[in-house]
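We name chains A, B, ... by the order of the sequence lines, and we start the count at 1 in each one.
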Amino acid sequence: MNDRYDAASIEPKWQRRWAEDHVAEVDTSIPGNEFYMLNMYPYPSASRLHVGHGRNYILGDALYRRERMAGRKALNPMGWDAFGLPAENAAIQSGVHPREYTLANIARMKEQLESLGLLYDWSKELASCEPSYYRWNQWLFLRMWERGLAYRKTAAVNWCPGCRTVLANEQVVNGRCERSDDLVEIRDLTQWFFRVTDYAERLLAGLETLTDWPERVKTMQRNWIGRSEGAEISFRIEALAEPIPVFTTRPDTLFGATFLALAPEHPAVAQLAARSGKRAAIEQFVEKVRRESRLDREAESGVKEGLDTGFVALNPATGEPIPVWLANFVLPEYGTGAIMGVPAHDQRDFEFARRFGLPIRPVYRTEEGELDPDVMTAAVPHVGFLYNSGEWNGTPCGPEAVRRAVEWIEQKGLGKGKIGYRLRDWLISRQRYWGTPIPAIHCRECGVVPVPDDDLPVLLPEDVEFRGAEGNPLEKSRDFVETTCPSCDGEGRRETDTMDTFVDSSWYYLRFLNPHDEKRMVDSERAERWMPVDQYVGGIEHAILHLLYARFVCRVLKDLRLVNLEEPFERLFNQGMITNLNPATGKIEKMSKSRGNTVSPDELIARFGADTVRLYTLFIGPPEKESEWSEEGVVGAFRFLNRVHDLCCRVHTMTREAAGQRDAADTPLTRFEHRTIRRVTEDAERFHFHTAVAALMEFQRAIAEAFDSRSEAEETLVRATKTLLKLLHPVAPHLTEEWWERLGERPFLLETPWPKFDPELAMTSRVTLVVQVNGRVRGKLDVERGEDEAAAVALARRNEKIRPWVEGKEITRAVYVPDRLLNLVVR
RNA sequence: GCCGGAGUGGCGAAAUUGGGUAGACGCACGGGACUUAAAAUCCCGGGGGUCGAAAGGCCCGUGCCGGUUCGACUCCGGCCUCCGGCACCA
């Protein structure tokens with residue numbers, strides 16, 4: 001019965017049987033040998049899987065299946081990041097309610113995931129747009145509000161005109177909206193924030209403990225948090241009652257500060273303007289800078305603009321008067337929004353001073369001499385030792401100088417040591433319908449009042465219309481907006497902002513343990529046993545968004561004593577993106593729907609079957625690296641599966657006569673088998689399925705050759721073939737399950753133990769010994785494993801390829817690596 | 001500028017974990033077998049240079065220069081290029 005390999009008839013059958021037997025379901029309440037595997041969950045608004053995304057899930061599934069075969073109780077749940085702008089934008093365009101649109105897309109994606117043979121524990125499935133999920137976003141928000149971790153403030157925020165909502169800093173990439181690519185505007189708005197800056201130090205410290213995270217992700221997070229040590233120093237302005245604090249990382253250069261510069265947005269600017277004869281000029285300058293786009297303002301090539309306010313501050317170290325300027329390069333959000341200008345030792349200050357003719361006062365000199373301000377062409381930031389600096393004179397430039405300066409400043413009461421961060425608080429308000437309503441009520445009498453726990457969830461209303469230009473549809477829903485104040489029973493107005501979808505994803509990994517629990521957000525006992533997630537698989541694009549927020553919220557939950565966990569994801573794997581030619585640009589780009597260079601797995605599955613698509617996706621290259629998609633390469637995977645199929649057919653119909661007669665424990669094929677088990681096991685542990693597949697291709701060929709040459713017994717051939725099926729199962733589950741059953745085995749291959757290898761048998765009995773003369777390969781010897789040095793040298797001298805190189809010469813030394821290499825050093 | 005990662009055949013890559021035959025495995029290509037023919041399948045070949053009729057030999061070769069070593073893709077020092085993150089962040 002040498003039938004053709006027909007994926008179309010095999011695959012649906014096994015997908016059905018896996019589903020009927022609920023093979024992926026795990027009881028999270030019963031202790032066991034837990035392994036928690038998680039894929040970053042898909043965004044159903046994107047609606048369709050393409051092979052670029054598929055890599056995530058296929059890799060995850062292969063890892064999951066292998067863990068199951070290794071005997072671990074492995075949890076592999078799937079959830080949907082179901083809120084978000086695409087669904088609402090689709091509603092505006094087509095009139096379909098976002099819920100309908102989202103649920104339809106979930107159904108469609110689920111079909112696609114199943115058609116690839118991906119096994120998820122669907123009993124734990126969740127979608128963040130369900131009230132049973134988002135009510136806990138609201139509950140968490142209220143707990144954070146109580147602790148001052150959720151708060152409202154008016155600030156200059158990022159506004160995306162395309163999405164008609166504000167964005168978090170993390171969602172602005174190069175001045176553009178991460179999702180719509182529109183240029184982001186700055187607007188002053190009152191918004192809700194999470195105080196992630198309170199956790200900056202813990203988030204940074206935790207990175208040190210994440211030894212199984214990719215270095216580049218940790219680097220990105222460190223850069224994003226942007227810690228810098230320095231000092232806050234107060235500068236007195238004669239016209240103002242309050243001194244102006246300034247943050248600097250170089251307090252050691254304080255004696256060289258020759259001007260003070262404020263951000264035009266600095267709160268003191270209005271007071272200065274009011275008391276100045278140049279009021280109009282100041283206001284005009286402030287207006288001009290504020291109109292400038294943030295992108296231009298932060299561009300390095302940007303010209304430094306400034307305005308002399310006419311006011312004078314005192315350098316706290318020298319007591320000398322220095323001018324107070326407004327400068328566009330001083331950013332309002334960083335530090336204190338004000339700087340001390342040290343032109344001699346800071347490049348930006350230098351450029352500013354040169355442009356506006358401000359004095360330059362060096363405080364560092366070298367043995368060669370002092371810096372001459374008149375001929376300097378650039379600032380000299382790290383050089384020599386201090387002078388011109390009172391009692392600090394003579395201190396060499398470096399951390400010691402900074403430490404001395406901070407001590408002195410603190411003693412004199414001029415300021416204090418301080419650590420600055422680049423990280424800003426997380427802006428979570430969104431002016432959109434399709435998200436978690438923020439549980440707050442505005443009351444004329446009581447102010448902003450939290451919704452009581454008993455009134456949760458605050459549900460999204462149904463009586464809404466999606467028009468787009470008119471703004472957030474929630475504002476138009478009377479049922480939603482009009483309410484009573486929980487505090488005074490008077491008239492209240494519900495908050496109409498909804499939460500950023502990243503709030504949903506920052507704790508979902510915990511919810512898979514009790515997805516239907518109506519009493520509490522987190523099951524602490526199960527979390528104690530299952531957390532942290534052992535293996536997280538996802539794309540690099542979440543390096544500072546989702547992964548930073550999730551680490552933050554995990555710490556908040558720890559402080560709320562809901563979990564005893566500082567880091568949610570023990571081991572992170574970022575698979576590289578799949579790239580493809582973009583017909584529009586002619587370039588190789590990341591495969592994505594918006595670029596129009598996607599390849600649908602559906603068509604490939606229809607042509608070659610899911611196993612081929614899976615195999616090829618894993619075979620294409622190392623998973624952590626970017627890989628270019630190639631349609632031609634797929635046939636190689638298809639051919640291999642056909643060969644496996646043919647081999648199984650032959651084994652299935654084999655008679656004793658067809659096989660060799662020798663039946664021994666130690667045969668060449670047995671040794672090959674054990675070597676292959678070792679290779680595949682080790683490769684799978686580091687996710688290198690591409691080399692594991694290469695090993696299986698060699699193994700397949702070895703079995704087929706043994707078959708042809710009748711050199712192995714029937715039992716050996718059958719066992720080798722079954723081992724091939726087991727090792728191949730994580731990659732090509734359907735074909736292997738089918739043959740596992742046809743060869744008379746029960747039950748699911750998925751539930752069959754992963755094969756073990758005998759280290760002794762995993763080595764060949766004869767080895768090729770490489771013979772070098774003076775480090776150059778001159779010949780090869782085929783010897784018994786474990787041959788001793790003297791015998792090897794004797795063999796080498798007699799070998800006709802090697803003899804000419806050693807004849808008549810003195811062997812001064814022989815380097816012998818048993819079973820590998822013999823190097824003869826001759827003179 | 002600071003930080004992180006990477007440079008190997010026509011292409012994707014392997015060997016880098018403990019220094020030990022560089023190019024496994026696959027794609028594409030060339031040749032052969034089977035076939036009336038084609039497809040499919042199977043087998044063989046291949047880094048570059050050079051000597052040879054051939055078998056085969058020699059030299060060079062993992063971004064560049066140098067070092068350590070019997071021996072370096074692998075370790076060390078110095079560069080170059082590319083990719084990614086941060087960046088007027090005081």
Donor-acceptor pair (no angle test) under 3.5 Å: Q772(A) side chain, G20(B) base: yes
Rounded distance in Å - CD (E705(A)) to P (C44(B)): 8 Å
Residue R686(A), side-chain atoms from C-beta onward, closest of U17(B), C70(B), A90(B): U17(B)
Indicate whether any N or O donor in one side chain lies under 3.5 Å from an N or O acceptor in the other, for N823(A) and Y816(A). no
Rounded off to whole Å, could you give me the CZ-to-P distance for the F247(A) and A90(B) pair? 7 Å
K780(A) has its side chain closest, among A28(B), U21(B), A14(B), to U21(B)
Judged by whether its glycosidic angle lies within 90° of 0, G9(B) is syn
Which is true for V817(A) with a 4.0 Å heavy-atom rule: it touches a base, it touches only sugar-phosphate, or it touches nothing? base
Starting from P on C2(B), measure out to CD on E229(A) and report it in whole angstrom. 20 Å
Between T768(A) and R820(A), do the side chains contain a donor N or O and an acceptor N or O under 3.5 Å apart? no
Which nucleotide, A90(B), C70(B), C88(B), lies nearest any side-chain atom of N823(A)? C70(B)
Would you mind classifying the nucleic acid contact of R820(A) as base, sugar-phosphate or nothing, using non-hydrogen atoms under 4.0 angstrom? sugar-phosphate
For R643(A), which contact category applies under a 4.0 Å heavy-atom criterion: base, sugar-phosphate, or nothing? sugar-phosphate
CD1 of I540(A) versus P of C86(B): gap in Å, rounded? 11 Å
Would you indicate what T812(A) reaches in the nucleic acid, counting non-hydrogen atoms under 4.0 angstrom: base, sugar-phosphate, or nothing? nothing
Short side-chain N/O contact to G26(B) OP1/OP2 from H690(A), under 4.0 Å: no
For atom CD of E626(A) and atom P of G4(B), their distance in whole Å: 21 Å
Using only side-chain N and O atoms of R778(A), determine if any of them is under 4.0 Å from OP1 or OP2 of C58(B). yes
Count the heavy atoms belonging to other residues, nucleotides or ligands that lie under 6.0 Å from CZ of R785(A), then report whether that count exceeds 12. yes
Within the structure, does a side-chain N or O atom of S228(A) lie under 4.0 Å from either OP1 or OP2 of A90(B)? yes
Pairing of E698(A) and R679(A) as salt bridge, 4.0 angstrom limit: yes
Tell me which nucleotide among G4(B), A22(B), C70(B) gets nearest to the side chain of V777(A). A22(B)
Donor on one side chain, acceptor on other, E626(A) and T579(A), under 3.5 Å: no
Given C27(B), C89(B), C70(B), identify the nucleotide with an atom nearest to the side chain of R422(A). C89(B)
Would you tell me whether W426(A) and E170(A) have side-chain atoms, one donor and one acceptor, within less than 3.5 Å of each other? no
Using a 4.0 Å heavy-atom cut-off, does R216(A) contact any base of the nucleic acid, only the sugar-phosphate backbone, or nothing at all? sugar-phosphate
By the 4.0 Å heavy-atom rule, please label K218(A) as base, sugar-phosphate, or nothing. nothing
Check every strand shown and say whether R701(A) touches a base, only sugar-phosphate, or nothing at a heavy-atom separation below 4.0 Å. sugar-phosphate
CE of M697(A) versus C1' of A14(B): gap in Å, rounded? 14 Å
Once you apply a heavy-atom cut-off of 4.0 Å, does P214(A) come out as touching a base, just sugar-phosphate, or nothing? nothing
Per the atom types in the model, does the base of C86(B) pair as donor or acceptor with the side chain of N223(A) at under 3.5 Å? no
Face-on cation placement of R643(A) at F640(A) ring, 6.0 Å and 45° thresholds: no
For V172(A) and for W805(A), find the nucleotide of RNA chain B with the closest heavy atom, then tell me which residue's nucleotide is more 5'. W805(A)
Distance check needed: A40(B) P versus F640(A) CZ, whole Å only. 20 Å
Separation of atom CZ in R348(A) from atom P in C89(B), rounded to whole Å: 4 Å
By the 4.0 Å heavy-atom rule, please label S630(A) as base, sugar-phosphate, or nothing. nothing
For E698(A) and Y334(A), find the nucleotide of RNA chain B closest to each by heavy atoms; which residue's nucleotide sits nearer the 5' end? E698(A)
